[in-house]
Amino acid sequence: MSQQTLIEMKGISKSFVGNKVLNEVNFEIRASEVHALLGENGAGKSTLMKILTGIYERDEGEVFVKGDPVHFQNTKDSEEAGIAVIHQELNIIPYLTVMENMFLGREIKFGKTGFLNTKKMIQLTKEYLGQLGVEIDPLVNAGNLSVGQQQMVEIAKALSVNAEVIVMDEPTAALTDREIERLFEVIERLREQGVGIVYISHRMEEIFKICNRVSVLRDGEYIGTRVIGEVEYDELISMLVGRELGTLFPERDVDVGDVRLKVEGLTSDVFRNINFEVKQGEILGVAGLMGAGRSEIMQALFGYREIESGNIFIDGKKAKIKKPIDAIKSGIGFVTEDRKEEGLVLSMSVRENFTLPNLDDVSKQTVISSQKENEFVDDMVGRFNVKTSGREQEVKSLSGGNQQKIVIGKWLGINPKILILDEPTRGVDVGAKKEIYQIMNELTAQGVSIIMISSELPEVLGMSDRILVIHEGQIGGELNRDEADQEKIMYAATGGE
Amino acid sequence: MRGQSLGQIMQKLGPVIGLLAIVIVLSIMSPQFLSLDNLLTMLRQVTIIALLAFGMTFVILTGGIDLSVGSTLALAGALTAGMMASGIDPILAVLLGVLAGAVMGAFNGVIIAKGKVAPFIATLATMTIFRGLTLVYTDGRPVTGFTDSQAFDLIGRGYLFGIPIPVIMMFVIFFILLLILKKTVFGRHVYAIGGNEEASILSGIKVNRVKIGVYSLTGALAALAGIILTSRLGSASPNAGFTYELDAIAAVVLGGTSLAGGRGWIFGTLIGALIIGVLNNGLNLLGVSSNYQQIVKGAVILLAVLLDRQKSS
Amino acid sequence: MRGQSLGQIMQKLGPVIGLLAIVIVLSIMSPQFLSLDNLLTMLRQVTIIALLAFGMTFVILTGGIDLSVGSTLALAGALTAGMMASGIDPILAVLLGVLAGAVMGAFNGVIIAKGKVAPFIATLATMTIFRGLTLVYTDGRPVTGFTDSQAFDLIGRGYLFGIPIPVIMMFVIFFILLLILKKTVFGRHVYAIGGNEEASILSGIKVNRVKIGVYSLTGALAALAGIILTSRLGSASPNAGFTYELDAIAAVVLGGTSLAGGRGWIFGTLIGALIIGVLNNGLNLLGVSSNYQQIVKGAVILLAVLLDRQKSS
Amino acid sequence: TTESPTSNGDDETDASGDDGEVHIGLAVSTQNNPFFVTLREGAEDKAEELGVDITVVDAQDDAATQLSSIEDLIQQEVDVLVVNPTDSEAVVSAVEAANEADIPVVTVDRSADGGEVVAHIASDNVAGGEMAGDFIIEQLGGEGNVVELEGIPGSSAARERGEGFHNAVGAEDGIEVVAEQPADFDRAEGLTVMENIIQSGQEFDAVFAHNDEMALGAVRALESAGMDDVIVVGFDATDDAVEAVEAGEMDATIAQQPIEIGEQGVETAIDIANGEAVEDFIPVDLELVTQ
Ligand SMILES: Nc1ncnc2c1ncn2[C@@H]1O[C@H](COP(=O)(O)OP(=O)(O)OP(=O)(O)O)[C@@H](O)[C@H]1O
Ligand SMILES: Nc1ncnc2c1ncn2[C@@H]1O[C@H](COP(=O)(O)OP(=O)(O)OP(=O)(O)O)[C@@H](O)[C@H]1O
Ligand SMILES: [Mg+2]
Ligand SMILES: [Mg+2]
């Protein structure tokens with residue numbers, strides 16, 4: 001390959017308050033390539049990209065754009081140099097419209113007046129969204145979109161810059177297969193037009209599907225760069241985690257017991273007539289397109305969303321669930337889809353997050369016993385192999401995968417009969433993913449029933465005993481482990497189209 | 001307003017319905033209430049709080065708050081009066097007074113944006129400081145004896161086509177601010193910062209600059225309110241505007257703007273200010289004893305907000 | 001404090017260093033400042049603001065705010081004095097007074113938790129309402145003429161081992177509250193709600209109940225402050241506690257508790273209250289003229305917060 | 001004497017409805033202070049006794065609020081306006097507004113610096129301050145240190161009482177004002193500030209407080225410090241203060257007779273409404289209350 005080198009980063013180092021997160025990292029992007037940046041949670045991928053785009057100041061190293069040394073002070077500078085970013089964290093402003101979000105910071109004005117040319121912006125918004133094949137009203141508030149739709153808006157926003165380099169930091173974490181396909185088409189088109197793309201993802205199959213080269217970071221160190229097609233999956237994994245990992249999905253060999261949970265005719269404003277069962281020790285996978293209403297069903301089951309009608313039975317007895325506390329008392333734990341907004345108290349420590357739902361068990365007459373609490377937390381940290389400097393570390397400073405382990409672990413204190421996992425491995429690296437799967441297996445072996453919502457079909461197929469497919473708020477089909485494959489799920493999820 | 005859900009529209013109508021309800025009750029209870037004369041009087045009374053509340057709307061939209069507006073009002077009013085008393089041309093004095101307000105606001109803005117101090121505590125401190133400066137400047141006495149400039153008198157007491165000039169100023173400023181919020185890049189950025197500051201920074205918005213601008217605007221408006229008040233009263237009292245910030249904030253919130261920032265509209269603030277003005281005026285017309293007035297005012301505010309919340313949820 | 005970063009420890013030490021700096025400056029400028037007698041006097045003065053600020057710490061930790069504490073103080077003080085004047089046993093009157101404060105606080109809590117009204121606006125309304133009720137109850141006059149009960153006098157004016165009883169009460173309450181925050185389920189839930197209300201609900205925390213509890217506690221503490229003040233003064237003024245909420249909030253923030261909730265500690269609040277108390281005391285000792293006192297107080301608060309923020313960033 | 005500009009009889013649109021009945025508007029500066037509460041009660045009781053309507057509005061010590069509420073009274077078409085200004089200068093435009101509406105104005109307690117005022121009923125704050133100063137000079141035999149507890153900075157009462165006091169003690173060489181500190185007319189503040197002044201080690205023989213609330217707070221502080229021989233003089237002669245003077249805890253307070261002021265205000269207003277001539281200044285005597 002002899003394409004032009006668009007960006008070169010050399011010997012980049014960066015520390016946050018004494019904590020070195022990047023150590024002499026090299027990275028290069030050429031025209032017409034999709035360059036994957038791979039690494040475990042906390043390896044420093046996002047930090048490297050934030051240095052590139054002027055959000056963070058680098059401590060050491062040099063950055064060249066087409067051979068010229070540059071030093072961006074803010075995102076405006078980098079944008080002017082032709083670099084656009086889709087950030088890992090959604091940067092949608094909920095009470096602004098889609099159009100307003102698209103042009104935030106780059107509003108189109110009437111000349112130099114400071115007055116907005118709204119018409120023009122609406123028209124362009126439609127155009128860019130159209131390129132992605134999504135139809136979203138430019139005047140609707142972005143907060144009313146589902147997470148996936150918001151992600152599409154962010155992608156459209158990056159496209160609208162007409163950049164030479166586009167950084168995509170986990171763009172597919174919130175998308176389902178259909179949108180991902182669209183995105184890949186767009187990426188391919190951009191690549192053909194000579195755009196250089198940095199692609200960050202924890203989904204290995206995507207890397208092999210669309211990337212040309214891959215660079216790997218581990219603990220802030222630059223491990224190496226390989227050309228896709230010249231590198232084996234296993235080699236990449238061991239570059240990534242520093243050891244052999246083996247198969248991703250562990251063997252499932254569980255005796256499924258009696259019916260534990262039975263849901264009858266559950267109906268609300270976003271879903272209708274939902275019926276299903278989960279047995280002891282069973283993993284029920286729940287698949288569906290983005291916005292199908294899977295999360296909403298589980299929220300209702302957990303007492304976090306009002307229902308219009310329907311009944312819930314646990315171990316054959318009717319359960320009255322009006323609030324989350326009722327669900328918890330009935331033995332249900334709920335690992336929510338958005339760990340930062342709904343799962344964790346980021347300002348609290350590992351210890352405090354672990355014991356939040358079951359404080360009563362580690363206290364006497366409402367006085368918390370430090371000893372009991374510490375024992376429980378140490379046990380959990382060990383069991384889940386949480387990488388932390390200690391139980392007093394703020395969870396905010398943990399990597400995504402380790403945060404996710406805590407969100408799951410905090411429910412074990414209530415000795416759940418049923419555990420609902422909503423996108424349990426979203427944004428989690430392969431190593432941690434495998435650990436989470438193993439934990440799921442251990443739990444089901446102890447008789448816990450698991451409901452797992454996932455938009456990653458390999459995960460649904462790899463882990464579920466049975467698969468429920470939701471289509472537009474209704475059950476679109478139910479598949480057994482043996483009969484299920486990607487096509488059948490997609491068929492049911494799209495309502496048989 | 002395409003793309004807005006029914007809920008959102010109801011949310012926006014809430015304050016208007018509240019105002020109408022109060023107006024209807026008052027006009028039944030007091031025959032004078034709906035007279036043109038009384039309405040103009042009431043509008044003129046509202047001007048001061050409305051100007052403070054307009055600025056406060058911008059501040060609250062960015063997710064901030066400004067407790068210092070009452071003190072800014074007093075200091076700018078006193079400075080303007082003092083300048084005129086020392087012979088400076090009234091028009092120049094007014095311009096310098098508004099500028100002084102903008103500078104005080106900018107000071108708040110810099111502390112909040114660059115110093116990263118929580119707006120509540122920053123403006124609590126400057127509220128005390130500006131009040132202290134007013135006392136030092138005036139030596140605790142009302143400033144009077146400024147030239148009997150016709151022009152200056154007009155600001156607070158004049159009429160144009162039978163409408164009080166302060167009222168005209170209030171509406172002109174309202175429309176300008178409405179335009180700024182809806183139609184300009186600055187206005188868009190005000191909403192964006194309050195909606196998600198992090199995302200705004202990442203989108204290349206100069207957040208600090210916008211914030212400083214917003215507090216400066218608020219300071220300038222507070223100063224203008226102080227100048228109108230000085231003109232109306234013919235003197236600038238060092239205690240002017242004491243606790244007005246609370247009325248201004250109440251007006252903004254009654255109008256449906258969220259204290260969390262990012263959501264709201266200045267038309268609501270106008271309605272909110274009118275609710276407060278109508279209440280004060282009506283309770284006086286009805287001769288409600290002053291001790292009970294506070295209870296009624298508090299209860300009405302609470303009720304209005306409660307009803308509004310109920311509807312939106 | 002295992003596992004805490006250097007930054008966190010510095011953050012926590014900030015207020016203490018600030019207090020020490022002010023104490024050192026004052027003790028150089030005024031030889032009387034460090035006398036035991038003056039320190040005890042100062043501590044006794046601090047009691048009122050400290051009690052309000054202790055409650056405010058809980059409220060702010062949940063992400064709320066309570067502007068009504070000053071009015072609660074006044075109403076509870078007046079009610080207690082009124083009950084005693086009408087012949088009710090002083091001890092019973094005190095208990096009923098504290099209970100009344102808790103009820104007022106619970107009222108705030110219910111509006112905020114169940115009514116989903118922003119704490120700022122809810123307590124702004126009840127601040128007005130409670131003050132109005134006080135004025136109605138007292139008819140604008142101080143309540144006096146309550147029995148000269150020895151026991152009641154002790155609350156505000158007594159000594160134990162040479163230490164003023166209010167000071168002892170303040171420290172006892174401080175340690176109880178410290179224990180509640182650090183060691184009980186309730187305290188943990190207070191932090192959790194302020195840190196992430198959504199996640200707290202989803203973890204099965206009875207958020208409404210905790211919030212109502214927190215506001216009730218704050219109301220009860222404000223009532224106790226009102227009773228101590230009544231005992232000290234031998235009368236309950238309807239104006240008591242006016243604008244004290246601002247001092248209480250300043251104390252909490254000076255102590256390093258974040259207005260956004262979820263982060264903070266009550267020890268910091270004690271330090272914050274002491275900073276305010278020492279400043280007031282020192283400015284009096286130094287005989288700073290009234291006009292300048294406000295400027296100095298505002299500037300010191302601003303400086304303290306600014307330095308603290310600088311350090312932590 | 002002045003002739004009142006209008007009488008209510010010829011006003012057909014009189015909003016108080018029943019013709020012939022007088023409707024008085026009373027605008028008080030504040031109702032957070034016992035002095036003005038008593039003044040209002042004096043006025044209301046008198047109005048009831050004489051069978052006239054009275055509407056009271058409260059400015060909460062804010063000049064702008066006062067202007068607004070007077071405008072509201074004008075809208076109500078009261079026959080006579082009795083104003084207790086928050087501030088002599090700031091009230092002028094309100095008085096002028098009433099003048100324009102042909103409503104005669106009576107001021108009580110504080111005067112108006114402009115506009116047309118038919119009658120002014122007051123006792124003089126400056127004179128009261130002087131009276132307090134003279135009393136202290138006399139008690140100290142012309143020699144000693146005095147502490148002054150000031151009211152809310154910027155308020156007219158604080159200004160005028162302070163002015164009178166300084167007129168008196170400033171003329172006396174032997175008297176030195178050794179501390180002037182604001183205690184905001186508040187008893188708790190009076191206590192706190194006095195405690196701090198005591199702690200400062202400053203020697204003093206007398207205290208003048210701009211109102212009784214602060215004086216009573218100061219008494220508490222002095223009592224605790226065992227400084228019972230310090231002379232304390234307050235202002236307003238509130239019930240508490242008079243009691244304290246009788247009990248020997250306070251030495252004097254200046255009585256402004258708020259009831260009398262309120263009553264006089266209403267009586268004068270009725271006279272004006274009935275077209276009778278009234279004095280343009282009706283002094284209400286100050287009284288030095290001592291044991
Ligand atoms: N603003 C910050 N302050 C302090 N530490 C930070 C900051 N941002 C990132 N870090 C730390 O730097 C390290 C690298 O973080 P980064 O977000 O770059 O990882 P990543 O490779 O993008 O991980 P993920 O796959 O989870 O997104 C982590 O240990 C993280 O905790
Ligand atoms: N806050 C909200 N306001 C309005 N509509 C909403 C809101 N949240 C979700 N919805 C709508 O509810 C439906 C289901 O949303 P959601 O995306 O959570 O479903 P899901 O099946 O869990 O998909 P995902 O995989 O994206 O989590 C969508 O139509 C979405 O637009
Ligand atoms: Mg990342
Ligand atoms: Mg979902």
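Chain naming here is simple, since letters A, B, ... match the order of the sequence lines and numbering starts at 1 in each. Just so it is clear, the model here is predicted, and its values are computed rather than measured.
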Open item on the list: Looking at S235(B), is its backbone amide N or carbonyl O close enough to the side chain of E89(D) to form a donor-acceptor pair, meaning the two atoms are under 3.5 Å apart?
Closed with: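 Checking the backbone N and O of S235(B) against the side chain of E89(D), no donor-acceptor pair under 3.5 Å is found.
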Which atoms of [X] come close to chain D, meaning under 4.5 Å heavy atom to heavy atom: side chain ones, backbone ones, both, or neither?
{"X": "Y244(B)", "value": "side chain"}
{"X": "L285(B)", "value": "both"}
{"X": "Q294(B)", "value": "side chain"}
{"X": "L286(B)", "value": "backbone"}
{"X": "N280(B)", "value": "backbone"}
{"X": "T41(B)", "value": "both"}

Task: Euclidean distance, D61(D) CG relative to F242(B) CZ, rounded to 0.5 Å - done: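 The distance works out to 9.5 Å.
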Open item on the list: How long is the straight-line distance from CG of L233(B) back to OG of S93(D), given to the nearest 0.5 Å?
Closed with: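 Atom-to-atom, S93(D):OG and L233(B):CG are 4.5 Å apart.
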Open item on the list: Whether the Q32(B) and Q76(D) side chains hold a donor-acceptor pair (N or O, under 3.5 Å, no angle test) is what I'd like checked.
Closed with: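 No.
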Task: Region of E96(D) that comes under 4.5 Å of a non-hydrogen atom in chain B - done: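 Contact with chain B is through the side chain of E96(D) alone.
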Task: chain B contacts, top residue of D72(D), I54(D), T65(D), V56(D) (heavy-atom pairs, under 4.5 Å) - done: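 Winner by heavy-atom pair count: D72(D).
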Task: side chain to side chain donor-acceptor pair (under 3.5 Å) between Q75(D) and N281(B), intermediate numbers included - done: CA-CA 10 Å; Q75(D) 288 300 326; N281(B) 174 267; over 6 Å; no
